[in-house]
Colleague: 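If you scroll down you'll find the structure; I have some questions about it.
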Amino acid sequence: MTVRVRFAPSPTGYLHVGAARTALYNYLFAHANGGTFILRSDDTDRARSTEEFQQDILDHMMWLGLDWDEGFGKGGEHGSYRQSDRYDRYRDVAHDLIESGSAYYSFATSEQLDGFKKAAREAGTSPAYDGSLEPGYGEVASRIAAGESAVIRFRVPRPGETRFSDVVRDDMVFDHKQVDDFVILRSDGTPTYHLASTVDDVDYGITHVIRGEDLLSSTPKHILLTQAMGAEPATYAHLSLLMGPDGKKLSKRHGDTAMSAYRTAGFLPEAIDNYLALLGWSVGDEEDRASMSEMVDRFDLNAVSKNPAVFDTQKLEWLNGVYIREMGDDDFVARTLAGVEDDLGRELTDDEASQFEAMVPLVKERTKLLPEVADQVRFLFTDIDTYDEKSWAKVMDKPEGPVALDAATAALSGLETWSTETIEGALRGVLEDTGLNARKGFQPVRVAISGSTVSPPLFESLEILGREESLNRIAAARSLL
RNA sequence: GGCCCCGUCGUCUAGAGGCCUAGGACGCCGCCCUCUCAAGGCGGUAGCGUGGGUUCAAAUCCCAUCGGGGCUACCA
């Protein structure tokens with residue numbers, strides 16, 4: 001049997017990190033088993049679905065490298081893979097189900113239903129609607145004939161129970177007393193999620209449904225529906241939910257849940273994929289690092305954890321730093337140059353681009369998030385007209401400030417060749433001459449050329465900045481003392 | 001309220017009766033390296049929710065309890 005899995009987000013919001021994790025696990029499972037990963041658009045909630053959300057989901061799936069083999073935007077044997085294009089099919093199924101007695105027209109009003117649920121709650125019994133509020137056969141026929149609108153409900157066989165073996169949760173059993181005669185077709189003729197999703201899973205030959213635990217209690221409905229259609233239910237796997245730092249389901253109020261926020265914050269897709277895999281699965285025995293292909297090789301749905309996982313940004317940042325450090329210099333430039341230019345508000349000249357490239361190895365290991373790059377190299381491309389206040393106070397407004405700058409100027413201006421080695425030699429000489437320790441002797445120079453006590457390594461920075469500019473900056477700072 | 005799921009360091013996890021005086025990773029703390037900041041190296045901190053069983057032996061099995069979460073829509 002060829003594995004066919006699907007990720008079926010509703011375009012009612014931006015791609016959420018939790019949804020991205022579900023997509024990733026589907027992707028890993030498909031690839032680990034030589035299967036097909038399908039993307040579907042479950043847009044039956046026409047009021048809340050938008051093209052913008054749909055596009056955001058697509059964009060970020062691609063960005064994360066979660067490319068799909070078949071489905072939305074890519075096509076396949078099953079049309080557009082967009083549910084709103086298949087209303088006729090769902091309606092047909094709903095009516096077939098009425099024919100076969102598995103569903104019925106329901107006239108119960110929401111007031112009646114509320115009363116039913118309230119009574120059940122007070123009595124401490126199951127609040128699941130059992131169809132007991134419906135009119136008799138004859139009346140249904142005449143009311144339909146009279147054109148009265150009704151909803152179509154699935155008739156849950158009672159008594160009874162549905163059993164299934166969930167890949168991550170093992171044996172599950174649901175008493176039908178607890179499951180509603182749920183609506184499959186709304187009064188306006190559009191399908192509900194339960195119907196559309198189940199019909200598609202059947203029609204598309206989905207073999208494994210890997211989704212969030214929030215759908216666990218709906219699974220009996222889907223299985224019952226599938227069986228009523230005369231089909232074999234898929235294998236289900238329900239992933240635990242992602243939690244916020246407060247232990248509650250991860251949501252907007254925990255800050256950023258939209259994948260786009262992480263993208264703009266400067267996270268790498270590789271790092272996010274790796275991190276998301278860690279949330280509910282162990283990538284290796286003593287290692288948390290794994291590339292997509294390594295994850296594909298090792299992925300085992302049975303080994304996925306049942307525990308809900310807290311989304312911890314700190315570890316994500318650490319991983320991001322790891323990936324940045326491992327990136328090739330060229331790749332690093334490609335991914336950060338635009339951000340640097342954006343920060344400057346202009347393009348870099350060829351000479352400046354060379355300076356930037358020279359700085360890359362130094363900057364790479366000091367970067368956790370991409371936008372931090374601009375902060376580190378900005379001093380190369382802009383005049384230092386303001387110095388960081390604390391930095392200035394800490395090293396310049398001290399007796400060693402002018403001493404260090406004067407000595408550095410003397411030592412540096414006499415240099416024949418301007419290189420990291422000669423610069424270091426000259427400045428080390430300053431230490432001996434002035435008796436200052438390295439910290440006191442070097443920090444004033446650092447502030448003079450970069451504006452701050454924190455910068456990339458000093459000697460290299462001086463070399464890259466160039467002799468003339470370096471000496472000018474030291475002189476400018478000195479004149480302020 | 002009803003039904004369902006889950007419960008190992010602060011966080012993510014390894015652990016499927018003796019290999020566990022519970023391992024790894026992030027974080028945090030300290031030391032080293034060092035021109036700042038990082039990175040790196042070394043060391044440390046911290047956990048089996050609780051109470052009963054079963055067993056020669058339990059983080060691992062059973063029961064109860066407590067705690068957290070999900071669902072309970074003509075949303076998905």
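Below, chains carry the letters A, B, ... as their sequence lines are ordered, and counting in each starts from 1.
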Colleague: Could you measure between the two C1' atoms, the one in U60(B) and the one in G69(B), and give it in whole Å?
Modeller: 24 Å
Colleague: For P456(A), report the nucleic acid contact type (base, sugar-phosphate, nothing); a contact means any heavy atom under 4.0 Å.
Modeller: base
Colleague: Expressed as a whole number of angstroms, how long is the span from E400(A):CD to U36(B):P?
Modeller: 14 Å
Colleague: Whole angstrom is fine here: how far is it from CG in L242(A) over to P in U11(B)?
Modeller: 15 Å
Colleague: E317(A) has an atom CD; how far is it from atom P of A39(B), in whole Å?
Modeller: 12 Å
Colleague: Parallel, tilted or perpendicular: which one describes the rings of F116(A) and Y129(A), with boundaries at 30° and 60°?
Modeller: perpendicular
Colleague: Taking only the C1' atom of each, what is the distance from G23(B) to C48(B) in whole angstrom?
Modeller: 13 Å
Colleague: Just one of R158(A), R155(A), R153(A), K117(A) clears the salt bridge (charged side-chain N to carboxylate O under 4.0 Å, His left out) bar with D180(A), so which one?
Modeller: K117(A)
Colleague: Looking at the side chain of L113(A), which of C4(B), C74(B), U13(B) is the nearest nucleotide?
Modeller: C74(B)
Colleague: Do F442(A) and F459(A) make the cut of ring centroids closer than 6.0 angstrom?
Modeller: yes
Colleague: For the residue pair T422(A) / S419(A), report whether a side-chain donor-acceptor contact shorter than 3.5 Å exists.
Modeller: yes
Colleague: Answer with yes or no whether the side chains of R86(A) and Q83(A) bring together a donor and an acceptor at under 3.5 Å.
Modeller: no
Colleague: Which one, U13(B), C35(B), C74(B), comes nearest to the side chain of F459(A)?
Modeller: C35(B)
Colleague: Out of G40(B), A25(B), G70(B), which has the shortest distance to the side chain of R325(A)?
Modeller: G40(B)
Colleague: Can you tell which of A25(B), U36(B), U72(B) lies closest to the side chain of Q443(A)?
Modeller: U36(B)
Colleague: Heavy atoms under 4.0 Å, any strand shown: does R289(A) hit a base, just sugar-phosphate, or nothing?
Modeller: nothing
Colleague: Please give the distance between the C1' atoms of A22(B) and A59(B) as a whole number of Å.
Modeller: 8 Å
Colleague: Can you tell me how the ring of Y105(A) sits relative to the ring of H95(A), calling it parallel under 30°, perpendicular over 60° and tilted otherwise?
Modeller: tilted
Colleague: Is R211(A) close enough to A76(B) that one of its side-chain N or O atoms is under 4.0 Å from OP1 or OP2 there?
Modeller: no
Colleague: Would one find a side-chain N or O of T44(A) under 4.0 angstrom from OP1 or OP2 of A76(B)?
Modeller: yes
Colleague: Distance check, P atoms only: U54(B) and A46(B), in whole angstrom units.
Modeller: 33 Å
Colleague: Is the phosphate of G7(B) approached by N307(A) (side-chain N or O, under 4.0 Å from OP1 or OP2)?
Modeller: yes
Colleague: What integer number of Å spans the P atoms of C63(B) and U21(B)?
Modeller: 27 Å
Colleague: Can you check whether any acceptor in the base of C74(B) is under 3.5 Å from a donor in the side chain of T192(A), or vice versa?
Modeller: no
Colleague: Can you identify which nucleotide, out of C6(B), C12(B), C3(B), has its nearest atom closest to the Q178(A) side chain?
Modeller: C3(B)
Colleague: Would you measure the distance from the C1' atom in G70(B) across to the matching atom in C74(B) and give it in whole Å?
Modeller: 22 Å
Colleague: Whole-Å distance between G15(B) P and K306(A) NZ?
Modeller: 12 Å
Colleague: Closest approach to the side chain of S218(A), judged atom by atom: which nucleotide of A76(B), G1(B), C35(B) is it?
Modeller: A76(B)
Colleague: Using 30° and 60° as the class boundaries, would you call the ring planes of Y81(A) and Y204(A) parallel, tilted or perpendicular?
Modeller: tilted
Colleague: Is there a donor on the side chain of R366(A) or the base of C37(B) sitting less than 3.5 Å from an acceptor on the other?
Modeller: yes
Colleague: Identify which nucleotide among G69(B), C6(B), C71(B) has an atom closest to any side-chain atom of D214(A), counting heavy atoms from C-beta outward.
Modeller: C71(B)
Colleague: Does K394(A) have a side-chain nitrogen or oxygen under 4.0 Å from the phosphate oxygens OP1 or OP2 of U36(B)?
Modeller: no
Colleague: Grab the CG-C1' distance between N437(A) and U34(B) for me, whole Å please.
Modeller: 13 Å
Colleague: Which comes earlier along RNA chain B counting from the 5' end, the contact point of S305(A) or that of K221(A), where each point is its nearest nucleotide?
Modeller: S305(A)
Colleague: Could you state the atom-to-atom distance from CG of L241(A) to C1' of G7(B) in whole Å?
Modeller: 16 Å
Colleague: Base, sugar-phosphate, or nothing for P308(A), non-hydrogen atoms under 4.0 angstrom?
Modeller: sugar-phosphate
Colleague: Which one, G24(B), U36(B), G40(B), comes nearest to the side chain of K315(A)?
Modeller: G24(B)
Colleague: By nearest nucleotide on RNA chain B, pick out whichever of P191(A) and R121(A) is the more 5' one.
Modeller: R121(A)
Colleague: Side chains of D45(A) and T12(A): any donor to acceptor distance under 3.5 Å?
Modeller: no
Colleague: Take the protein atom CZ of F311(A) and the nucleotide atom C1' of C26(B), then report the distance between them rounded to whole Å.
Modeller: 13 Å
Colleague: Whole angstroms only, please: what is the NZ-C1' distance between K117(A) and G2(B)?
Modeller: 11 Å
Colleague: May I ask you to verify if any side-chain N or O of R428(A) is less than 4.0 angstrom from the OP1 or OP2 atom of C35(B)?
Modeller: yes
Colleague: Return the nearest nucleotide to the side chain of E286(A); candidates are C4(B), U36(B), G23(B).
Modeller: G23(B)
Colleague: Can you tell me how far P in G15(B) sits from the matching atom in A57(B), rounded to whole Å?
Modeller: 26 Å
Colleague: Any N or O donor-acceptor pair under 3.5 Å from the base of C5(B) to the side chain of R169(A)?
Modeller: no
Colleague: Taking the P atom in each of G44(B) and G52(B), what is the distance between them to the nearest angstrom?
Modeller: 34 Å
Colleague: Taking only the side-chain heavy atoms of D288(A) (C-beta and beyond), determine which of A25(B), G69(B), U36(B) contains the nearest atom.
Modeller: A25(B)
